Structures are given as structure tokens and as C-alpha cells.
Amino acid sequence: MEGLLILDPSIIVRGLMRYYSMYGHVERLAEEIKKGASSIEGVEAKMWQVPEILPDEVLVKMSAPPKSEVPIIAANQLAEADGVLFGFPTRFGMMAAQFKAFLDATGGLWRSQQLAGMPAGIFYSTGSQGGGQETTPLTAITQLVHHGMIFVPIGYTFGAGMFEMEKVKGGSPYGAGAYAGDGTRVPSELELEQAFHQGRYFAAMAKKLKTSA
């Protein structure tokens, strides 16, 4: 799975944007992140999704829409990247089991530390304001730490948008985020702007790390 491909005159930086999305909120953020990454000169971004582990009959009962045509990633493909952005919805304040199952399959990469030193970012969605906009990325960082990856948060680089108090807005210094509500709410324009910013910011950081190596 290739997610972020950064081309320089003398250097190629390969990266991944991989995600899990049940109702489409995380996928919508991923689309904006892709646009943001592509806005950096010489960058080509691609989206990938992790495998679904729930049976079809369960997904139907959950009213989950059909999956998109975005390709599925295999765990060992992560080693081909120079930077990765992980996206997932929350389940009880932590990443969804589908994404955790995928990371659990990266034991071989962990043993050889093939991902050590690779920049990584996080984006996510939650059902409500108290649903894990900070706990979800915070608990996900442990996965990056054990792989020796370099966490690249957005901090407060999004500027005034980080301090918006009049509009409902997901996201945090950890990364872009959205509120899904009961599943019918779509990411707001401000949430999408933050996602675009994260893609652009992360691509610039990944490029800088690669060119300085």
C-alpha cells in the first residue's frame, strides 16, 4: 500500500496513507489529506484501506455502506514506505478493532524494526464530543512507539482553526478529526480544512526528513 509518494530531483520518498472507515467519515478525511499532501510540489498521494474483519451479515445489521474501491493493504507493504498516516474511527475511546487487528499482524516488521525512524501521523473520527477525540490518538501512539516510528502531530500549526468555539469541530493537536454523530453527520468544512492542512504539513515534514538523511 502506497499512500504518499514524494518525488524530488534526487530522491524518492515513498509513504502510505492507510485507514479503516465503516461509515465513510475517516475516508472523507483521508481524501482531503491526500489533496493536502499532493499540494506539496513533487508529491503524489494514494489512499489504502485495511481489511474488514466483520462478516457481511454483521455489517448489514450495522447499516454499514459498501466498501469503496480503495485498494487493501498487506502488513508487509508498510516497510516500503518513508512515511505513514493512519486513520480510524474510535470504539470506546480507542482505535477500531479492524485497525488494531491489522497492526497486530505487523509483528514481523516489529521484530526486524523495519519501521523504526519512519514518520507517522494519525487522523480519526468519533461519535460525540466525549467520544475520544484525544484518547483515540493518544492510545494509538503506543503502536508507533513499539515500532520506533517518529510521531508527527500537527500541534497548533492549523492556526485559528484550532481555537474555533462557535462551530462543532473534531481534531486536536494530535491530528485531524471529525464527529460522526449517529453516522449521518458528514465532516464539516472546517474539519476538512484541518485534514487538508495535516496532509500538507505531514508531506512537508516527511520530505524534509528524507532529504536531510
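These numbers come from a predicted model, not from an experiment. Reckoned from all heavy atoms, side chains included, excluding hydrogens, waters and symmetry mates.
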*Partner set under side chain to side chain donor-acceptor pair (under 3.5 Å) for Arg28, not counting sequence neighbours*: Glu31, Glu32

*Within a strict 4.5 Å, meaning less than it, do heavy atoms of the Val186 and His25 side chains meet?*
no

*Identify the heavy atoms of Val168 and Glu191 that sit nearest to each other, and give their distance.*
O-OE2, 4.3 Å

*Take atom CD of Glu189 as the centre, draw a 6.0 Å sphere, and report whether it contains more than 12 heavy atoms from other residues, nucleotides or ligands.*
no

*How far does CD of Gln49 sit from CD of Gln98, to the nearest 0.5 angstrom?*
11.5 Å

*Short side-chain to backbone donor-acceptor contact, Lys207 and Glu41, under 3.5 Å*: yes

*By side chain to side chain donor-acceptor pair (under 3.5 Å) - contacts of Thr142 (at least two apart)*: none

*asked:* Just to verify, what does Asp182 make a side chain to side chain donor-acceptor pair (under 3.5 Å) with, not counting sequence neighbours?
replied: Thr184

*Report whether Phe88 and Val145 are members of the same hydrophobic cluster (ILVMFWY, side-chain heavy atoms less than 4.5 Å apart, transitive linking).*
yes

*Val70 and Val26: same hydrophobic cluster, using ILVMFWY side-chain contacts below 4.5 Å?*
yes

*Of all heavy-atom pairs between Met95 and Ala140, which one has the smallest distance, and what is that distance?*
CE-CB, 3.6 Å

*Heavy atoms only: give me the nearest Gln113-His146 pair and the separation to one decimal.*
NE2-O, 3.3 Å

*When hydrophobic residues are tied together by side-chain contacts of less than 4.5 Å, even through go-betweens, does Phe202 share a cluster with Leu192?*
yes

*Carefully, step by step, assess Lys100 and Gln143 under the rule side chain to side chain contact (heavy atoms under 4.5 Å, CB included).*
CA-CA 9 Å; Lys100 181 60 166 61; Gln143 313 293 316; 3.6 Å; yes

*Are Met47 and Leu85 in one and the same hydrophobic cluster, where Ile, Leu, Val, Met, Phe, Trp and Tyr link if side-chain heavy atoms are under 4.5 Å apart?*
yes

*Is there a side chain to side chain contact (heavy atoms under 4.5 Å, CB included) between Met94 and Thr135 once you walk through the steps?*
CA-CA 7 Å; Met94 298 173 19; Thr135 62; over 6 Å; no

Under 3.5 Å donor-acceptor pairs involving side-chain atoms of residues 147-166, not counting sequence neighbours:
unit_1, atom_1, unit_2, atom_2, d
His147, NE2, Thr106, OG1, 2.9
Thr157, OG1, Ile154, O, 2.7
Thr157, OG1, His197, NE2, 2.7
Glu164, OE2, Glu166, N, 2.7
Glu164, OE2, Lys167, N, 3.0

*Would Trp110 end up clustered with Leu144 when hydrophobic side chains under 4.5 Å apart are linked, directly or stepwise?*
no

When the side chains of residues 117-128 are checked against the rest of the protein, which donor-acceptor pairs come out under 3.5 Å, sequence neighbours left out?
unit_1, atom_1, unit_2, atom_2, d
Tyr124, OH, Gln133, O, 3.0
Tyr124, OH, Ser172, N, 3.3
Tyr124, OH, Ser172, OG, 2.7
Tyr124, OH, Gly175, O, 3.1
Thr126, OG1, Ser128, O, 2.9
Thr126, OG1, Gln133, NE2, 2.9
Ser128, OG, Gly131, N, 3.4

*Decide yes or no on side chain to side chain contact (heavy atoms under 4.5 Å, CB included) for Ile73 and Leu78, but give the supporting numbers first.*
CA-CA 8 Å; Ile73 185 176; Leu78 288 177; 3.8 Å; yes

*Those residues that, when tested against Asn76, pass side chain to side chain donor-acceptor pair (under 3.5 Å) (two or more places apart)*: none

*Step by step, would you call Leu29 with Gln198 a side chain to side chain contact (heavy atoms under 4.5 Å, CB included)?*
CA-CA 10 Å; Leu29 293 179; Gln198 182 174 15; over 6 Å; no

*Taking C-beta and beyond as the side chain, do Tyr179 and Pro187 meet within less than 4.5 Å on heavy atoms?*
no

